[in-house]
Amino acid sequence: MMRTRPLKVALLGCGVVGSEVARIMTTHADDLAARIGAPVELAGVAVRRPAKVRAGIDPALVTTDATALVKRGDIDVVVEVIGGIEPARTLIATAFEHGASVVSANKALLAQDGAALHAAAGEHGRDLYYEAAVAGAIPLIRPLRESLAGDKVNRVLGIVNGTTNFILDKMDSTGAGYQEALDEATALGYAEADPTADVEGFDAAAKAAILAGIAFHTRVRLDDVYREGMTEVTAADFASAKEMGCTIKLLAICERAADGASVTARVHPAMIPLSHPLASVRGAYNAVFVESDAAGQLMFYGPGAGGSPTASAVLGDLVAVCRNRLNGTTGPGESAYAALPVSPMGDVVTRYHISLDVADKPGVLAQVATVFAEHGVSIDTVRQQGKDGEASLVVVTHRASDAALTGTVEALRSLDTVRGVASIMRVEGE
């Protein structure tokens, strides 16, 4: 039997995502009510510019006083899609204090202060759901937090930023340079006017922190994630990747150590074999590859951003939270019992592709090989091309630690025969 009294929802933010959430709540009201067991009512919308016309939203619901809205006491669920750290953090905490559960899409805040927000939700007996914070419409948080709760996840490897994937895919498929591909992404609306958060890996790093925390039942903050942007990736790097049967992606990689005693989380460009499922992810799409003991290898794929895809994830959380509200219960909270240490990047072991500019004369290859051997880095393949006294040397290593590779590169720079290190790229997905 359906309850007639509606559950009241406060919406913080009414931009691209927020306006779509409001539209779906209105146009799909009957379906949502049937799925939840009670109607849901949009009780207020907090915005910065109240004079802006918002189609389908009653102007009487619009307010600039977000704090007063979340303090009302009759709000059942607060949907936060304003982003950033403040005032979102204070508003979410205030919502819990005044009896509301929260649905958020705020990856930056969750990556920085997720533990404190979970603690506040638990203290007040309320839900904190955030499927939309990672990979848009792709169901990922709930499968990791619930479907795989009885399994042991060992690795999460994924493309979690559509802007960077569009740019790298364009460079790969057309031979375009980085700036040319970025300009096209901007013109098509995939890249912001200031693309720094995307291309420098900040966005992906926040998502990696959230994924690692859930996958490994360990608190992982944004500061724990190694981050490297993709602005230095060149057409020459793609040419080298193709020679190896690879392509290049900006990856978020979260791994449990082989001995299970620690975890790592990192974001950086990497070469991956064309045979790997992530290599075929094109355009602005996202995909996440999960490896676990019992389930084996799983891949989640779909649109990772945009108003409608992100709103879909928000509404999925809203339905779940409203159901919990009706049943007088809450869903799963933070699981950080493992409390595993997060190892530094220097401990990460992977393969490397290094391109060197060297003098074209006898003995250079032997000198370079000696440096690799002295630092305990084993060479898999090496290719040398040169003329007119200059040459390029491309070395692909076997698996080695980042610290060992760093020491190797520093020593190579000291050789008179090495003119410079043209590029260094990790090789993943094997």
Side-chain angles (χ1 to χ4, degrees), residues 3 5-13 18 21 25 32 36-46 61 63 65-134 141-142 144-146 149 206 209-210 213-214 217-222 313-337 339:
R3 191 180 84 166
R5 183 170 64 83
L7 292 159
K8 295 188 177 183
V9 178
L11 179 62
L12 307 184
V21 169
M25 285 184 63
L32 290 173
I36 292 168
V40 286
E41 173 188 306
L42 188 59
V45 182
L61 297 178
T63 179
D65 194 343
T67 300
L69 179 59
V70 299
K71 281 184 174 181
R72 274 177 36 174
D74 65 336
I75 300 297
D76 294 288
V77 184
V78 169
V79 174
E80 183 272 308
V81 287
I82 57 178
I85 306 302
E86 288 292 358
R89 174 170 51 196
T90 298
L91 289 170
I92 290 174
T94 303
F96 291 140
E97 291 169 3
H98 287 78
S101 290
V102 173
V103 172
S104 176
N106 196 330
K107 53 188 171 287
L109 177 57
L110 289 159
Q112 178 171 307
D113 289 317
L117 295 177
H118 274 293
E123 178 185 351
H124 296 285
R126 295 293 177 253
D127 275 321
L128 173 62
Y129 276 52
Y130 43 90
E131 185 68 63
V134 180
I141 300 298
R142 194 170 288 115
L144 283 173
R145 192 161 68 167
E146 299 178 29
I210 295 169
I214 296 171
H217 305 279
T218 290
R219 287 178 179 168
V220 179
R221 299 181 74 252
L222 181 59
V314 170
L315 267 296
D317 278 351
L318 179 62
V319 168
V321 170
C322 286
R323 286 171 175 170
N324 291 343
R325 190 82 168 187
L326 285 179
N327 293 326
T329 186
T330 57
E334 182 188 32
S335 175
Y337 74 89

With Lys71 via salt bridge (Lys or Arg N to Asp or Glu O under 4.0 Å) - residues at least two apart: none
Short question: side chain of Arg72, backbone of Ala43 - any donor-acceptor pair under 3.5 Å? yes
Heavy-atom closest pair (Gly18 atom, Leu11 atom, distance to 0.1 Å) is O-CD2, 3.4 Å
So, for Arg219 and Ala336, which heavy atoms are closest and what is the spacing to 0.1 Å? CG-CB, 3.7 Å
To the nearest 0.5 Å, how far apart are CZ in Arg145 and CD1 in Ile214? 6.0 Å
With rounding to the nearest 0.5 angstrom, report the CG to CG distance, Asp76 to Leu318. 10.0 Å
Would you say Val78 and Ile92 make side-chain contact, with heavy atoms under 4.5 Å? no
Heavy atoms of Pro6 and Glu41 approach each other most closely as CG-OE1, 3.4 Å
Do Leu32 and Val319 have side chains that approach each other closer than 4.5 Å (heavy atoms only, starting at C-beta)? yes
Counting C-beta onward and ignoring hydrogens, is there a side-chain heavy-atom pair between Met25 and Val9 closer than 4.5 Å? yes
Flag, side chain of Glu131 to backbone of Val134, donor-acceptor distance under 3.5 Å: no
Spacing of Asp113 atom CG and Ile85 atom CD1 [to the nearest 0.5 Å]: 6.5 Å
Has Arg323 got a side-chain atom pairing as donor or acceptor with Ile36's backbone, closer than 3.5 angstrom? no
Residue set satisfying salt bridge (Lys or Arg N to Asp or Glu O under 4.0 Å) with Arg142, at least two apart, ordered chain then number -> Glu146, Asp317
Report yes if some heavy atom in the side chain of Pro87 is under 4.5 Å from a heavy atom in the side chain of Ile82; otherwise report no. yes
Would you list the pairs meeting ring pair (Phe, Tyr, Trp, His ring centres under 6.0 Å) in which at least one residue belongs to residues 91-121, sequence neighbours left out? His118-Tyr130
Look only at the side chain of Asn324 and the backbone of Thr329, and say whether a donor-acceptor pair between them is shorter than 3.5 Å. no
Minimum heavy-atom separation for Ala105 and Ala132, please, with both atom names. CB-CB, 3.8 Å
Interatomic distance, CG@Leu91 vs CG@Leu12, rounded to 0.5 Å, equals 5.5 Å
Answer whether the closest heavy-atom distance between the side chains of Leu326 and Leu7 falls below 4.5 Å. yes
Straight-line distance of Ile210 CD1 to Asn106 CG, nearest 0.5 Å: 8.5 Å
Sub-3.5 Å donor-acceptor pair from the side chain of Arg126 to the main-chain atoms of Gly99, do we have one? yes
For a quick test of reading the model, state the closest non-hydrogen atom pair linking Cys322 to Val77 and the distance between them. SG-CG2, 4.0 Å
Would you compute the distance between atom CG of Leu222 and atom CG of Leu110 and round it to the nearest 0.5 angstrom? 11.5 Å
Please give me the minimum heavy-atom distance between Tyr129 and Pro332, naming the atom from each residue. OH-CD, 3.8 Å
